[in-house]
Each structure stands twice: as C-alpha cells, then as structure tokens.
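Take a look at the structure set out below.
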Amino acid sequence: MSSSNRTNIPNSLNEHWMPFTDNKTFKKNPRLITDAKGVYLTNHQGKKMIDASSGLFCNPLGHGRKEITEAVSKQLDKLDYCQPFNQGYGGSFELATRIAKKTPEGINRIFYTICGSTAVETAIKIAIAYHRAKGDSKRFRFVGRERGYHGMNIGATTVGGMINNVKTFASVLMPGVQHMRHTHLPEHKFVKGQPDTGVEMAEDLERIAMNFGGENIAACIVEPIAGSTGTLVPPKGYLKRIREICDKHGILLIFDEVITGWGRTGSAFASQEFGVTPDMITMAKATTNGVIPMGVVAVKEEMYDAVLDSSKNPEGTPELFHGYTYSGIPAAVAAGLAVQDIFDKEDIFNRAKEMSPYFQDGLHSLKDLKEVVSIRGYGMMGGVEMKMKDKPGKSGFQTFKHCYDAGVNFKNTGDTLIIAPQFICEKKHIDEIIDKLRTGISNYSKS
Ligand SMILES: Cc1ncc(COP(=O)(O)O)c(C=O)c1O
C-alpha cells in the first residue's frame with residue numbers, strides 16, 4: 001500500500017513492533033485511531049471517543065489546532081532542516097527566549113533534545129559536566145525515587161523506579177544510583193490535592209547522603225507529581241525538604257516536568273505551583289502540543305556559565321560534547337512557537353487552574369464505584385486506582401477496554417487509570433469524561 005492510498009486498516013499488523021504494548025493481544029483485536037479533532041478521537045470503526053488523557057499528557061490545547069499545523073507547514077516550506085551544530089537558525093533562539101520567560105527565575109538556559117527521555121539523559125550529563133567544571137569530579141552518584149518514571153534511555157531508566165522497566169535491563173544500568181522510597185502511602189487513598197502526611201519520606205535523601213556521602217552525589221531527580229505511576233501528589237512540605245537537603249550537600253535538584261510542565265498543575269511549572277525551585281527542569285510532550293517530538297532542559301544560568309567558562313577547548317570545539325541531530329529542528333520549533341502563542345492568547349494556565357476543582361470533584365465522585373480503591377489528583381491530572389485482580393495490570397487493562405467501548409480514551413498504568421483532560425475542556429466535556437468513566441468502570445465490575 002502506498003502512502004497515497006492508505007486506508008484505516010493496514011494490510012498487515014505483523015511488522016510494526018509496538019512500544020509498551022502487548023503486541024500479541026493487540027494484533028488479534030486492534031484499536032486504531034484514525035482522526036482527532038478538539039477533545040475527540042475517532043477509531044477505525046468510526047467510533048468517537050473523548051480524549052481523557054490529552055493523548056499522553058501531550059495535547060492540552062486540543063487536537064488538530066490549525067495555528068500549529070499551519071505554522072509547521074509554513075516552516076517546512078521555508079526551511080525543513082539544517083544541521084544544528086556550530087550553526088543555527090533564528091527560531092530556536094526565539095523559542096528559547098519564550099520558554100525562559102515562563103520558567104522560574106534564573107532557570108533560563110535552554111538545551112533542546114528530542115523527547116522526555118533524552119531531556120532526562122541530557123540533564124544527567126549536564127549535572128556531571130557542571131560539577132566537573134567546578135572542579136568537583138568525584139560527584140558521580142544520582143538519586144531517583146521508587147515509582148518514578150523518567151523515560152527509557154539507560155540513564156533515565158536507571159533513575160526511574162518502576163520495576164518492570166528496569167528488571168530486564170539490570171545488567172546495563174548506570175552505576176551509583178540510589179532510590180528514595182515513593183510517597184504512595186496507604187493513608188493517601190482518596191486524598192484530593194496534596195496529602196497532609198508523608199513529609200518525612202524526604203528524609204530518605206538525607207539517609208542516602210549519610211550512607212554514600214552527600215559530597216559524592218551529583219543530583220537528585222524527581223517528578224514533582226509522579227505521573228506515570230498514577231498521579232502521586234507530593235505531601236505538603238516534601239519538595240521543600242528535598243530542596244533543603246540538596247542545598248545542604250551541594251546536590252543539584254532536577255525536576256522532571258515532562259508531565260507537570262506547561263500548565264498541568266495550573267501554573268506554568270509545578271516548581272512555581274509548589275514554590276520550590278530546582279536547578280534544572282526537563283520538559284517535552286506539551287511543549288509542541290505533542291505534534292512534533294521535542295524535549296527541553298531548562299538550566300540555571302550559573303550552571304551554563306560555569307560549563308562555558310571552564311572550557312579550555314580550542315575555538316570551534318564544543319564546551320559540552322552533547323547534542324542530537326534533531327535538537328531544536330525547525331518544524332518542532334515552529335510548533336513550539338505556535339504553542340507559546342496559544343498559551344498567551346488563551347491564558348491557558350489560568351484556564352487549567354480554573355477548571356481544576358471541577359475536574360477533581362468529578363473524578364472523586366467516582367469513589368462509590370465498587371472496584372475503585374483509590375483516587376488521587378492535582379490540577380488537571382488524576383489517577384483512578386482499580387482493585388488488583390490476580391496480577392498487577394490486569395484490572396487496569398480490562399477497565400481501559402470497557403472505558404474505550406464506553407467512549408472515553410486514556411492510558412492505564414498498571415491498575416491505575418491516567419486521567420488528564422485537555423485544558424480546552426469545558427465543563428460539559430469534564431462531565432462527559434466522568435459519565436463515561438462511570439459507565440466503563442461499572443461495566444468492568446459487572447464483567
Ligand atoms: C516524567 C517523565 N519523564 C520522562 C518521560 C519520557 O518521555 P518520552 O517518552 O518523550 O521519552 C516521560 C514520559 O511519559 C515522563 O512522564
């Protein structure tokens with residue numbers, strides 16, 4: 001089949017090895033998405049579904065935004081690609097300035113990557129490069145957190161803490177990585193917003209510093225709200241305490257805001273929402289409204305200065321030997337700039353903030369459903385945890401399928417349903433998501 005006569009159903013499903021997918025089951029009964037517009041998706045059977053997870057936290061501005069597709073198309077006509085090393089093009093600088101206006105003060109140097117995983121990998125390398133630039137080359141350790149998700153490269157996999165993602169690859173993981181315990185505490189069941197209890201979990205970082213020498217730790221990386229493990233909202237005071245411990249030991253703090261970045265909490269970044277400033281912020285997904293891959297690391301200016309100032313490399317030789325063929329490519333930048341325009345024009349972060357209580361109330365109204373064992377949420381993200389059946393992941397996947405049939409689309413992570421509506425949702429859309437979740441979850445419990 002050529003690209004010009006492609007149909008909704010391909011001739012063969014065999015060749016494509018799908019990511020994070022049960023390929024065997026999927027290929028017997030595929031779910032193919034053919035169209036997307038606004039808050040709705042259509043599948044290959046012509047069924048319309050409401051998108052309850054913004055793709056994968058990617059499209060808060062809705063699907064098929066003309067402003068973005070036209071900007072990309074115009075850019076491709078003018079300049080489709082230029083190699084990004086020791087030369088550049090104007091748009092990437094313009095976007096960096098726009099991003100730096102919204103990041104917390106001082107975190108204003110922008111390194112482009114290809115996705116969230118490469119943003120995390122880059123942040124890990126920048127941490128090492130910065131310490132070396134300061135003459136502190138013994139810092140090689142990193143601290144992550146159980147149930148953390150930071151992507152799938154080796155570094156990102158290692159600092160992550162989701163067992164299925166690491167166990168097969170244990171032999172090739174990065175050395176010197178420790179994990180704090182997660183904050184998924186039993187008393188946080190059905191807690192709306194930040195839990196009052198659990199701040200003491202931050203002391204795990206102090207213990208690790210005591211056990212391994214804080215002076216050997218390069219950086220600590222956390223998602224301000226753990227997203228892929230089903231929305232674990234930080235206990236009150238937790239992130240602030242992590243920052244204090246980092247400061248005490250000279251450890252850099254990286255906030256992985258690939259999910260929480262760009263308004264998901266109601267502020268541009270969770271850092272601002274929770275009043276805690278890290279040294280680096282990673283982002284991806286909503287940076288381009290998901291339409292073209294792009295990752296970003298926003299770095300403290302003084303770190304950038306330290307790396308550049310310490311370089312004794314001859315003219316024309318990079319200060320940091322790191323970068324990607326697709327770092328800040330024109331099409332992704334064009335999408336990013338169009339997204340920034342929409343953020344500003346539609347006051348999108350405030351829109352998310354204003355809709356959050358309505359969404360959270362709706363989500364928590366599902367508490368009475370039989371198989372629901374916990375609901376958590378903050379801003380425009382939430383997790384509905386289903387009772388485990390035989391093995392982890394089974395009830396989550398079965399519920400996902402019932403909800404898909406009921407006309408609401410999202411991703412399950414283990415036994416938790418990831419619900420993260422688009423910021424353009426009106427109350428009627430939130431109502432539709434909640435109603436269809438109720439139907440899908442109820443149908444699952446009856447099955
Ligand atoms: C917090 C976080 N970091 C990193 C990543 C990896 O991003 P990508 O899949 O774009 O590599 C994800 C993906 O979901 C994420 O949620």
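In each ligand, atom 1 is the first atom listed, and ligand 1 is the first ligand listed.
- Near Cys115, meaning under 4.0 Å from one of its heavy atoms, ligand 1 places the atoms 10 (O), 11 (O).
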_Between Gln340 and Ile99, is the side chain to side chain contact (heavy atoms under 4.5 Å, CB included) condition met? List the steps._
CA-CA 8 Å; Gln340 291 294 325; Ile99 292 174; 4.2 Å; yes

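- Taking 4.0 Å as the cut-off between side-chain N and carboxylate O, Asp256 and Arg145 do not count as a salt-bridged pair.
- Across the listed options His150, Lys411, Met283, His150 owns the non-hydrogen atom lying nearest to atom 4 (C) of ligand 1.
- At distances below 3.5 Å, not a single donor-acceptor pair connects side-chain atoms of Glu346 with backbone N or O atoms of Phe343.
- Protein heavy atom at the shortest distance from atom 16 (O) of ligand 1 is Ile259 CD1, 3.1 Å.
- Other residues, nucleotides and ligands contribute at most 12 non-hydrogen atoms within 6.0 Å of the NZ atom of Lys48.
- The backbone N or O of Ala100 sits nowhere less than 3.5 Å from a side-chain atom of Asn108 that would complete a donor-acceptor pair.
- For Thr34 (side chain) and Thr42 (main-chain N/O), a donor-acceptor pair under 3.5 Å exists by modelled atom type.
- Looking only at heavy atoms of the protein, atom 9 (O) of ligand 1 is closest to Ser117 OG, 4.3 Å.
- In this structure, atom 14 (O) of ligand 1 lies nearest to the protein heavy atom Lys285 NZ, 3.0 Å.
- The shortest contact between atom 3 (N) of ligand 1 and any protein heavy atom is with Asp256 OD2, 2.6 Å.
- Among protein heavy atoms, atom 13 (C) of ligand 1 sits closest to Tyr149 CE2, 3.3 Å.
- Scanning all protein heavy atoms for the shortest distance to atom 7 (O) of ligand 1 gives Gly116 CA, 3.2 Å.
- Contact atoms of ligand 1 toward Glu223: 1 (C) (distance under 4.0 Å to a heavy atom of the residue).
- In the model, His249 has a side-chain atom that pairs as donor or acceptor with a side-chain atom of Glu206 under 3.5 Å.
- Contact between Ser228 and ligand 1 is present, with at least one heavy atom of the residue lying under 4.0 Å from the ligand.
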